[in-house]
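Every chain is numbered from 1 and lettered A, B, ... according to where its sequence line falls, protein lines coming before strand lines.
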Amino acid sequence: MPELPEVEVVRRGLDRWTTGRTIAAAEVLHPRSVRRHEAGPADFAGRLAGRTVLSPRRRGKYMWLPLRADAEDEPGEALLAHLGMSGQLLVGKPDREREKHLRVRMVFDDDGHDLRFVDQRTFGHLMVADLVPDAFAAGALVPEPIVHIAADPLEDAFDADAFYGALRRRKTGIKRALLDQSLISGVGNIYADEALWRARLHWARPTETMTRAEAVRVLEAAREVMGAALAVGGTSFDSLYVDVDGESGYFERSLEAYGRRDEPCRRCGTPIRRDEFMNRSSYSCPVCQPKPRRARY
DNA sequence: CTTCGTTCCTGTACGC
DNA sequence: TGCGTACAGGAACGAA
């Protein structure tokens with residue numbers, strides 16, 4: 001499942017393969033993949049044809065390819081992408097076989113490698129969006145549909161004090177807060193569990209009573225674990241998350257909590273527990289991460 | 001306003 | 001072998 005490190009791996013791959021190239025045509029094979037492009041698939045394709053893509057940007061789990069403006073005074077646009085659960089952006093020879101779940105295909109005017117959006121579960125999406133001023137980084141631009149997405153902890157624009165203040169005002173549990181992309185972006189179920197294990201915090205720890213030291217601990221843990229994952233190409237549980245050339249990442253072997261039900265905690269040996277949480281799974285160590293007396297879900 | 005449950009989707013694993 | 005069911009879960013949306 002692509003979270004911040006996996007999306008960053010893909011962003012870097014795109015930077016290498018598509019930056020500066022001009023899209024000749026885009027073909028939408030499944031309308032659901034462009035459902036957030038409200039003007040429809042034909043408009044989506046029309047807005048991309050003839051446009052040159054610039055160096056890709058990322059915030060949290062979203063990435064976007066700015067499109068070179070036709071004229072100086074035109075509002076900027078970008079091709080915005082979210083991989084959802086199973087989305088892949090793949091680069092390869094245009095004449096290779098079509099993937100079973102190929103949803104959108106873009107070819108370039110140099111007849112070189114094409115760009116394909118492949119997505120089994122169709123939770124991901126692509127759209128062309130206007131760029132607007134960023135609420136977090138002065139002078140920067142972000143696609144309008146993601147102005148509500150907070151800076152991620154690997155950005156300079158991330159404000160740890162503001163994050164701590166928001167935690168204290170919230171009446172919820174720390175994991176729910178970590179997964180709330182309007183508070184901190186880029187963290188999904190896997191890295192939330194890993195960060196909480198490293199910070200020795202239970203997922204239901206109420207945020208309104210958290211100390212600054214605890215907040216700093218979980219933030220540092222999130223940065224460390226996502227940085228380490230990025231360094232080895234991300235986490236690939238199955239073939240659903242891959243780089244732009246189809247390669248898997250190697251971080252799965254380094255996971256300490258996620259997916260390790262009944263396996264010994266690598267700090268204390270206690271079997272890792274699995275709890276139901278938000279209709280999904282939460283993994284933690286019963287000893288290192290004791291459940292708080294007043295838990296919040 | 002905040003908080004939280006529901007919903008979308010398809011392939012895999014597993015019990016009977 | 002085949003069928004039904006649980007599970008994987010990001011984030012928009014709507015209800016309370």
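Across the protein-nucleic acid pair, A:H82 atom NE2 and C:dA11 atom C1' stand 7 Å apart, rounded to whole Å. When rounded to the nearest whole Å, the span between CG of A:L255 and P of C:dA8 equals 14 Å. Rounded to whole angstrom, the span from the CG atom of A:L83 across to the C1' atom of C:dA8 amounts to 16 Å. Here the P atom of nucleotide C:dA11 and the CG atom of A:D119 are 13 Å apart, to the nearest Å. When rounded to the nearest whole Å, the span between CZ of A:R274 and P of C:dA6 equals 13 Å. With rounding to whole Å, A:E3 atom CD is found 14 Å from C:dA8 atom P.
Across all strands shown, A:S86 has no heavy atoms under 4.0 Å from either base or sugar-phosphate atoms. Across all strands, A:R35 comes closer than 4.0 Å to no nucleic acid atom at all (heavy-atom distances).
For the residue pair A:S86/A:D119, the side-chain donor-acceptor check at 3.5 Å is satisfied.
Within the 4.5 Å cutoff, no side-chain heavy atoms of A:L115 are placed close to those of A:H113. A:P66 is listed as a side-chain neighbour of A:R57, based on a closest heavy-atom distance under 4.5 Å.
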Atom pairs, protein N/O to nucleotides 12-16 of chain C N/O, distance under 3.5 Å:
| unit_1 | atom_1 | unit_2 | atom_2 | d |
| --- | --- | --- | --- | --- |
| C:dA12 | OP1 | A:Y62 | OH | 2.8 |
| C:dA12 | OP2 | A:H148 | NE2 | 3.2 |

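Comparing C:dG10, C:dA11, C:dA8 against the side chain of A:Q181 picks out C:dA11 as the nearest.
Comparing A:R170 and A:M278, the nucleotide of DNA chain B nearest to each residue sits closer to the 5' end for A:R170.
Salt-bridge annotation for A:R59 and A:D134: present, with a side-chain N of the basic residue lying under 4.0 Å from a carboxylate O of the acidic one. Using a cutoff of 4.0 Å between basic side-chain nitrogens and carboxylate oxygens, A:R21 and A:D109 are not scored as salt-bridged. Comment: A:R47 engages A:E77 in a salt bridge, judged by a side-chain N to carboxylate O separation of less than 4.0 angstrom. A salt bridge does not link A:E256 to A:R260: none of the charged side-chain nitrogens sits closer than 4.0 Å to a carboxylate oxygen. Checked for salt-bridge contact, A:D114 and A:R116 meet the test: a charged N lies under 4.0 Å from a carboxylate O.
Below the 3.5 angstrom threshold, one finds no donor paired with an acceptor across the side chain of A:R121 and the base of C:dG10.
Aromatic stacking of A:F123 on C:dA11: not satisfied for centres closer than 5.5 Å together with planes under 30 degrees.
Aromatic ring orientation, A:F163 versus A:F158: tilted (interplanar angle from 30° to 60°).
A side-chain donor-acceptor contact under 3.5 Å links A:R168 to the backbone of A:M210. Proximity of a side-chain donor or acceptor of A:R103 to a complementary backbone N or O of A:F117 within less than 3.5 Å is not detected.
Put simply, chain A comes within 4.0 Å of DNA chain B, heavy atom to any atom, from B:dT3 to B:dG11, going 5' to 3'.
A 6.0 Å sphere centred on CZ of A:R98 holds more than 12 heavy atoms belonging to other residues, nucleotides or ligands.
Helix-axis bend for the helix from B:dT2-C:dA16 to B:dC16-C:dG2: the local axis fitted to the five terminal pairs at one end deviates from that at the other end by 50°, rounded to 10°.
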